[in-house]
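Naming convention: chains lettered A, B, ... in sequence-line order (proteins, then strands); numbering from 1 in each chain.
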Amino acid sequence: MRNIEVARIFYELADLLEFKGEAIFKIRAYRNAARILAGLDRPVETVRQEGALTKIPGIGRNIAAKINEILLTGSLKKHEDLLREIPPGLLEIMSLPGIGPKRAGMIHKELGITSLEELAGAARNGQVRHLPGMGAKTENDIIRNIKMRQDSGASILLGTARELAEEFSGYLKLLPGVVRVEAGGGLRRRQETVTGIELVVAAADPGPVMEAAAGHPAVKETIKECSDRVVFDTKWGVAVHVEVVPEKSFVAAWFRNTGSRAHYNRICHLMSERGITFDPAVPGSFGEERNIYAALGMQFIPPELREDRGEVDAALEGRIPGLVELKDIKGDLHLHTGWSDGLNSMEQVVARAREKGYRYVAVTDHSRSLKIAGGLSLDRLREQHRKIRSLNEGLEDFYILTGIEVDILPKGDLDCPDEILKETDLVIASVHSAFKQDRETMTARILSAIENKNVHIIGHLTGRLINHRKGYALDVERVLDAAASCGTILEINSSPDRLDLNELNARRAKEKGIKFSVSTDAHSLKGMDDLIYGVSVARRAWLSPGDVVNTMSAGELLRFLGKK
DNA sequence: GCCGTTTTCGGCCCGACTGTTTTCAGTCG
């Protein structure tokens with residue numbers, strides 16, 4: 001069982017108990033445990049076998065016993081019992097923005113509602129506004145948020161899709177006769193969300209492979225099947241498509257499968273114009289995907305750009321830039337530690353950064369106002385920065401930047417005095433409160449942070465959480481113009497549920513000459529692995545290493561930061 | 001629930017915003 005699946009049981013257990021009105025600290029303990037499990041950088045099963053579960057801070061005897069039960073039986077009785085008692089639709093209702101356990105409980109009790117669909121109906125009929133504490137505005141929010149939820153449908157985050165695809169591919173690769181397995185579709189193009197996981201398999205005989213694939217433990221049922229492809233519904237809540245082709249046709253099939261459809265059609269059109277035969281079903285001479293583009297006398301187009309957004313013409317004219325790669329990144333500039341709400345010590349974070357081959361990191365814990373995240377008082381911040389300086393003295397070929405993720409307060413002032421920011425190597429300014437301000441107020445608020453000389457980077461600019469929360473109302477164009485004229489760096493936050501800036505805003509920003517920090521905002525060692533997703537956004541935004549400040553050496557970066 | 005003890009229970013993480021009220025409960029981060 002994957003760590004995240006164990007974590008999910010505890011998250012859900014916490015939600016269920018919260019709905020029941022259980023003691024808040026118990027709920028917190030479960031949520032905390034879930035967060036720890038999700039952030040664990042090795043299999044919880046291994047920790048269990050070592051008998052070391054209770055050695056993890058935050059996991060006590062009780063939760064350790066529950067983890068044991070889950071790993072040994074595949075489920076948790078307490079969780080299953082609660083699920084039978086509380087309609088699962090109520091958890092979905094509770095997860096709507098603005099709806100917590102109390103309101104969900106009231107909606108259930110007063111209107112007899114047990115699902116999102118029923119709630120949407122009641123809201124449209126104006127029944128919700130008559131409940132105590134609810135009004136027309138809440139009712140409209142409910143309708144809007146349910147619609148957003150339904151529109152996102154079965155889409156899952158890139159990060160999740162990638163992990164699940166690796167899991168399924170690993171299984172397929174072990175099957176007899178399987179020569180090669182690769183992910184295609186939106187996942188290979190690194191879309192921020194995908195609606196299905198597409199896998200292309202090279203094997204001589206599709207039948208047995210497809211049959212064996214159906215035996216994967218995550219497969220619930222076969223939705224569609226023909227001679228060389230099959231679609232499974234899975235317990236992961238996402239469809240897995242498996243296409244099996246002979247090895248000779250693999251590259252052509254993989255290319256077609258990768259898409260996008262618009263891109264693929266344009267390439268096929270060019271081929272037919274020039275009399276080049278291209279039929280994925282027919283074994284061709286395209287031993288490598290690169291050859292497909294070469295046959296057309298054009299540059300290779302990386303999968304991330306294959307969206308028919310000008311890349312074909314650019315490739316024909318030799319204008320595809322050298323895109324930034326993971327290996328170009330020399331340091332992570334947005335990291336949290338146990339000093340605020342991170343799970344690990346600075347020493348652990350630094351050690352992991354060095355394992356990754358980074359040359360520097362910035363430790364950017366939260367500022368004092370963000371109490372829930374353990375924001376650092378000014379004294380604690382000074383203490384942390386002193387500690388960083390002393391750590392640096394013992395480090396060779398590595399530099400820890402003193403940093404802070406300072407809140408942009410509702411009125412636009414920063415949550416830390418300028419004289420302290422001035423002495424800090426790297427200042428990220430982010431919005432963490434008053435998300436519902438109107439567009440004008442929010443824009444002015446962020447502009448004032450951009451205009452502050454001590455602010456180097458604006459963190460997660462729009463505040464969106466993919467499939468969960470829209471970004472705040474914001475005049476992005478004005479913000480980009482201001483960032484360009486002030487020389488303020490914009491972050492591409494690599495957390496899979498943020499990816500903020502998104503690829504379109506990042507591409508606009510690049511056109512205005514803005515520089516980027518591609519960083520993780522990690523709160524755990526595992527979170528530090530998310531950088532690949534930020535790099536994916538950067539690539540989809542056509543960014544080169546020169547656009548990204550954390551491809552610089554430490555010396556270059558410090559000079560660059562000093563220049564703002 | 002977990003933790004850390006002054007070992008057996010008390011402290012955990014709290015302040016601001018929102019939409020509803022007309023002084024506040026619920027939600028959020």
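A salt bridge does not link A:Glu503 to A:Arg508: none of the charged side-chain nitrogens sits closer than 4.0 Å to a carboxylate oxygen. In this structure, A:Lys512 pairs ionically with A:Glu477, as a charged nitrogen and a carboxylate oxygen lie closer than 4.0 Å. Using a 4.0 Å cut-off between charged nitrogen and carboxylate oxygen, A:Arg84 and A:Asp81 count as a salt-bridge pair. By the 4.0 Å N-to-carboxylate-O rule, A:Arg382 lies close enough to A:Asp379 to be salt-bridged with it. Between A:Arg129 and A:Glu139 there is a salt bridge, since a side-chain N of the basic residue sits under 4.0 Å from a carboxylate O of the acidic one. The pair A:Glu491-A:Arg498 fails the salt-bridge criterion, with no side-chain N (NZ, NE, NH1 or NH2) lying under 4.0 Å from an Asp/Glu carboxylate O. Comment: A:Glu18 does not engage A:Lys102 in a salt bridge, judged by the lack of any side-chain N to carboxylate O separation of less than 4.0 angstrom. By the 4.0 Å N-to-carboxylate-O rule, A:Lys147 lies close enough to A:Asp151 to be salt-bridged with it. Using a cutoff of 4.0 Å between basic side-chain nitrogens and carboxylate oxygens, A:Arg464 and A:Glu192 are scored as salt-bridged.
Near DNA chain B, meaning a heavy atom under 4.0 Å from it, residues 52-60 of chain A has A:Ile56, A:Pro57, A:Gly58, A:Ile59, A:Gly60 in order of number. Residues of residues 11-28 of chain A having a heavy atom closer than 4.0 Å to DNA chain B, listed by number: A:Phe25, A:Lys26, A:Arg28.
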Identify all side-chain donor-acceptor contacts of residues 114-122 of chain A below 3.5 Å with residues at least two apart in sequence or on another chain.
unit_1, atom_1, unit_2, atom_2, d
A:Ser115, OG, A:Glu118, N, 3.1
A:Glu118, OE1, A:Thr114, N, 2.8

Donor-acceptor list for residues 411-422 of chain A side chains, cut-off 3.5 Å, not counting sequence neighbours:
unit_1, atom_1, unit_2, atom_2, d
A:Asp415, OD1, A:Arg368, NE, 3.3
A:Asp415, OD1, A:Ser369, OG, 2.7
A:Asp415, OD2, A:Ser367, OG, 2.8
A:Asp415, OD2, A:Arg368, N, 3.2
A:Asp415, OD2, A:Ser369, N, 2.6
A:Asp415, OD2, A:Ser369, OG, 3.1
A:Asp418, OD1, A:Asn452, ND2, 3.1
A:Asp418, OD1, A:Asn454, ND2, 3.0

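Residue A:Asn62 is the one, among A:His468 and A:Asn62, whose nearest nucleotide of DNA chain B lies closer to the 5' end (criterion: closest heavy atom). Taking the nucleotide of DNA chain B with the nearest heavy atom to each of A:Met94 and A:Ala434, the more 5' of the two is matched to A:Ala434.
Between B:dG11 and B:dC17, the two P atoms lie 29 Å apart (nearest whole Å). One C1' atom belongs to B:dT7, the other to B:dC2, and the distance between them is 15 Å to the nearest Å. Using atom P as the reference point in both B:dC28 and B:dT23, the two lie 25 Å apart (nearest Å). Annotation: B:dG26 and B:dT20 have their C1' atoms spaced 10 Å apart (nearest Å). Spacing between B:dC12 and B:dT18 at atom P, rounded to whole Å, works out to 28 Å. Atom P of B:dT5 sits at a distance of 23 Å from the matching atom of B:dG1, rounded to the whole Å. Between the C1' atoms of B:dT21 and B:dT27, the separation comes to 16 Å (whole Å). Spacing of C1' atoms, B:dC13 relative to B:dT8, comes out at 24 Å, to the nearest Å.
Residue-level contact check: A:Ile63 touches the backbone only, with heavy atoms under 4.0 Å from sugar-phosphate atoms and none from bases. At the heavy-atom level, A:Pro132 lies nowhere under 4.0 Å from the strands shown. As judged by a 4.0 angstrom heavy-atom cut-off over every strand, A:Ile99 is placed among residues touching the sugar-phosphate backbone only. Counting any heavy atom pair closer than 4.0 Å across all strands shown, A:Arg469 reaches sugar-phosphate atoms only and no base atom. Contacts of A:Leu465 with the nucleic acid, taken as non-hydrogen atoms under 4.0 Å apart, are absent. Contact annotation for A:Ser433: no contact, since no heavy-atom pair falls under 4.0 Å across all strands.
Below 30°, between 30° and 60°, or above 60°: for A:His523 and A:His336 the angle between ring planes is below 30°, a parallel geometry.
Sorted by first and then second residue, the pairs that involve residues 48-60 of chain A and meet side chain to side chain donor-acceptor pair (under 3.5 Å), not counting sequence neighbours, are A:Arg42-A:Glu50, A:Glu45-A:Arg48, A:Glu45-A:Gln49, A:Arg48-A:Asn68.
Pair assignment for B:dT8: none, as no Watson-Crick or G-U wobble contacts are both less than 3.5 Å.
With its glycosidic angle within 90° of 0, B:dT7 is assigned syn.
If you walk DNA chain B from 5' to 3' and mark each nucleotide with an atom closer than 4.0 Å to a heavy atom of chain A, the marks span B:dG1 to B:dG29.
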